[in-house]
Visitor: 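My questions will all concern the structure given below.
Convention: sequence-line order gives letters A, B, ...; per-chain numbering from 1.
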Amino acid sequence: MPSTITITFPDGSSRDHPCGVTARELAAGISPSLAKKAISAHVNGVHWDLGWPIEGDAGITINTMADEHAALELIRHDLAHVMARAVQELWPETRVTIGPVIENGWYYDFDRAESFTPDDLAIIEKRMRKIINAADPVRSEIWSRGKAIAFYRERGENYKVELVEAIPDGEAIRMYWHGRWQDLCRGPHLQNTGQLPGDSFRLQSIAGAFWRGDPDRPMLQRIYGIGFRRRNDLKQHLKMLEEAQKRDHRRLGKSMDLFHFQEEAPGMPFWHPDGWTIYSELRSYMARKQKANGYREVNTPLVVDRTLWEQSGHWDKFHEHMYLVNVDEKISSEGRISALKPMNCPCHVQIFNARQTSYRELPMRIAEFGSCTRYEPSGALHGLLRVRGFVQDDAHIFCEESQIEAETARFIALLSEVYADLGFTSFKVKFSDRPDIRAGDDTVWDKAEEALEAATNAAGCSYELNPGEGAFYGPKLEFVLTDAIGRDWQCGTLQVDFVMPARLGALYVGQDGVRHHPVILHRAILGSFERFIGILIENYSGSLPLWLAPKQAVVATIVSTADTYAETVLARLRDAGIRAEGDMRNEKINYKVRMHSLAKVPYILAVGEKEVENGTVSLRTLGSKTIDVLPVDAAVSRLAARARPPDTA
RNA sequence: GCCGAUGUAGCUCAGGCGGUAGAGCGGGUCAUUCGUAAUGACCAGGUCGGGGGUUCGAAUCCCUCCAUCGGCACCA
């Protein structure tokens, strides 16, 4: 190790320092105020604790609270420690585990026999402020594994023992102290707890979480917090959450009278007329899009004998999540067990297998708006976003290996068009590769993953890796959309499958006259109509584009003498294919405008004495205060033109 | 499925240390005929999620089941 090292600052100036100098000392060398304001450093690009020694030549920047990224990271991380300390001070019997930074905040998992209550959160917050006010110094040391394990054993912190044991050889075991309170942590951290803003954080919720995500290990109690640099940022975030909750599709579904759920059929939506209108419009649109892109639509049975599911491998992996179907023994002596189909692929393969297919017919694209039913775990159900009964916009592309690339590009293009039409211009793409439990040997998986990866790259589609999350029969691309409060949901998917064709005996005759297994591309664009509509409602806050709006226009009378005229206007709109309704109630126009605006009806056509006299309507557009007075013909043709679905416009 | 919370009128919610329930919106009726985000009055609506227990008496306390919400786990 050299005795002196060269430190270079962002302005390009550099100086020699003794090896092992800390960023805190460097900051102090610049100015006392910087030493006080400093929160951390970046040393050769690595986020660095002010107290860690620097042991080689380095470029360094000193961070203060003005450096947003570093500041938020530290604030949230230190708040996690301060919260854990507060909890252990209040309830010393609590064992601590882990507490990472997450988006907007942090969580910490605790093991404690008694449950935390919502009231406890305020108590913990108060204690945290006390710790912040104490401005206790933060320091760290690197310990040997043996010393750390002994330390935690003695204190009964068994989870920490397990964590220390799991740290790979050669990685430092760093021990941190916030005042006298100790935690195992990679760091970095702030200089002292007093650097934390005491008014810009909040404990949000308590939840259960399995230790190490393993359902066979103990259930811990997780406390979530959010933290920011300034009180205003916190307030803004809370306000945003509140606004987001108003967009929740479950809430809008109720207030807009689109659908409901009830105890007798958990996870199975009852679609009301207006909700079903959205559904039907979307389905017609998808049918046209797919037809125009070379898909043939089919329909397959809802109830299928278990032998088919055994053959496909779904029985083995998912039979606990399948609805089994049988009939009264007095009526049937067959004794067969069938299942409601949880997915469509084996059925589509039956259609493929029903006759001999030539390579000339490939790629063969078979689509179905397939009704599927899955017994999802009760805790997974979530409005329309996770249901037990749903319809997939499913299709299977039977093709040769050489066609994977072109078909992938074609699919991604189609999906992008559809998403853009539906208001989603940006979306996440995840690449999920082989899971631990899977069908097919590794050579098949190598081939499938390589093919999908190459095809995705060739299509110019960037993605993030999602290791081990593929389907049991093949790797998949997931097209992910986000709900009102930022939760991710897989909607579209593309899966490359070399396994199912062999299992289900799918064959085509190649150019060489020999039979081959085709490759199956499993794909969906929306995923399920249910989930997609849920996201769609949230994305538009219920104000759907005109072509999807259940009620496109309301003709509202101002005086009852306009009733007859309103009826004729209404008839004209309906003749033009507009979903219009009349409001001839004995109410003031103010009331009607308010009511239909709240119901998010895109157009209100008000008619009173003037309109009757001139053959006009007063057209009011949702979200706008201006009113167009125009002849009925003009209004009808304007609405009709605007109401055309994007693929027919 | 697991941890925790919640469940009162169509909706949003108040109340309830045990003595059989309230508001606002919505709905109905009547009056009002009004010009772009709430006209007024009156009326009807609830076995307080289901079942069981304690009690003279349970919406309120206890047990249990169901559903929902927030997470975790799961997601073909």
Visitor: Which part of the nucleic acid, if any, lies within reach of Arg585(A) when heavy atoms closer than 4.0 Å are counted: base, sugar-phosphate only, or nothing?
Guide: sugar-phosphate

Visitor: May I have the distance from Glu587(A) (atom CD) to G26(B) (atom C1'), rounded to whole angstrom?
Guide: 12 Å

Visitor: Answer syn or anti for G45(B), where the cut-off is 90° from 0 on the glycosidic torsion.
Guide: syn

Visitor: What integer distance in Å separates Glu611(A):CD from U36(B):P?
Guide: 11 Å

Visitor: Should the ring pair Trp106(A) and Phe201(A) be called parallel, tilted or perpendicular, given that the plane angle runs from 0 to 90° and is split at 30 and 60?
Guide: tilted

Visitor: Donor-acceptor pairs are to be reported for all side-chain atoms of residues 314-325 of chain A against protein atoms at under 3.5 Å, with residues two or more places apart or in another chain.
Guide:
{"from": "His314(A)", "atom 1": "ND1", "to": "Ser312(A)", "atom 2": "OG", "distance (Å)": "2.7"}
{"from": "His319(A)", "atom 1": "ND1", "to": "Trp315(A)", "atom 2": "O", "distance (Å)": "2.9"}
{"from": "His321(A)", "atom 1": "ND1", "to": "Tyr375(A)", "atom 2": "O", "distance (Å)": "3.1"}

Visitor: Measure from NZ on Lys592(A) to C1' on U39(B) and round the result to the nearest Å.
Guide: 13 Å

Visitor: Using a heavy-atom cut-off of under 4.0 Å over every strand shown, decide if Gln204(A) touches base, sugar-phosphate, or nothing.
Guide: nothing

Visitor: Within the 4.5 Å heavy-atom criterion, are Ile525(A) and Met286(A) side-chain neighbours or not?
Guide: yes

Visitor: Does the side chain of Ile537(A) come within less than 4.5 Å of Phe259(A)'s, by heavy atoms?
Guide: yes

Visitor: Rounded to whole Å, how long is the line connecting atom CG of Asp583(A) with atom P of G27(B)?
Guide: 10 Å

Visitor: Does the plane of the ring in Tyr473(A) sit parallel, tilted or perpendicular to the ring in His522(A)? Use 30° and 60° as the thresholds.
Guide: parallel

Visitor: Please determine which of Asp441(A), Asp442(A), Asp436(A) meets the salt bridge (Lys or Arg N to Asp or Glu O under 4.0 Å) test together with Arg438(A).
Guide: Asp442(A)

Visitor: Send over the distance from Asp628(A) CG to U36(B) P, rounded to a whole Å.
Guide: 15 Å

Visitor: If the plane angle is over 60° it's perpendicular, under 30° parallel, otherwise tilted; pick one for His348(A) and His396(A).
Guide: perpendicular

Visitor: Taking atom types as modelled, is there a side-chain donor on Thr626(A) or Ser624(A) under 3.5 Å from an acceptor on the other?
Guide: yes

Visitor: Does some side-chain heavy atom of Ile397(A) sit less than 4.5 Å from a side-chain heavy atom of Arg523(A)?
Guide: yes

Visitor: Verify whether one side chain among Glu114(A) and Trp91(A) offers a donor that lies under 3.5 Å from an acceptor in the other.
Guide: no

Visitor: Just by protein heavy atoms under 4.0 Å, how would nucleotides 64-76 of chain B read 5' to 3' in B, S and -?
Guide: --BSSSBBBBBBB

Visitor: Do Gln350(A) and Thr300(A) meet the criterion of a side-chain donor-acceptor pair at a distance under 3.5 Å?
Guide: no

Visitor: Could you list by number each residue of residues 102-121 of chain A showing a heavy-atom separation from RNA chain B of less than 4.0 Å, or answer none if no residue does?
Guide: Ser115(A)

Visitor: Arg594(A) CZ to A38(B) C1': how many Å, rounded?
Guide: 5 Å

Visitor: Starting at the 5' end of RNA chain B, write a dot or bracket for each base, bracketing those in Watson-Crick or G-U wobble pairs whose two distances are under 3.5 Å and using | for partners on another strand.
Guide: (((((((..((((.....[..)))).(((((.......))))).....(((((..]....))))))))))))....

Visitor: With the criterion being N/O to N/O and under 3.5 Å, what pairs connect the protein with nucleotides 11-13 of chain B, and how long is each?
Guide:
{"from": "U12(B)", "atom 1": "OP1", "to": "Lys254(A)", "atom 2": "NZ", "distance (Å)": "3.3"}

Visitor: Given the C1' atoms of G45(B) and G24(B), what is the spacing between them in whole Å?
Guide: 15 Å

Visitor: Starting from C1' on U36(B), measure out to CZ on Arg620(A) and report it in whole angstrom.
Guide: 5 Å

Visitor: Return yes if a side-chain donor-acceptor contact under 3.5 Å exists between Tyr603(A) and Arg638(A), otherwise no.
Guide: no

Visitor: Side chain to side chain donor-acceptor pair (under 3.5 Å) with Glu103(A): which residues, sequence neighbours excluded?
Guide: none

Visitor: CH2 of Trp211(A) versus C1' of C2(B): gap in Å, rounded?
Guide: 17 Å

Visitor: What's Leu598(A) touching, base or sugar-phosphate or nothing? Going by heavy atoms closer than 4.0 Å.
Guide: base

Visitor: Looking only at atom C1', what distance separates C61(B) and G28(B), rounded to whole Å?
Guide: 40 Å

Visitor: Classify Ser618(A) by what it touches in the nucleic acid, base, sugar-phosphate, or nothing, heavy-atom distance under 4.0 Å.
Guide: base

Visitor: Crowded around Arg202(A) CZ? As in, over 12 foreign heavy atoms under 6.0 Å?
Guide: no

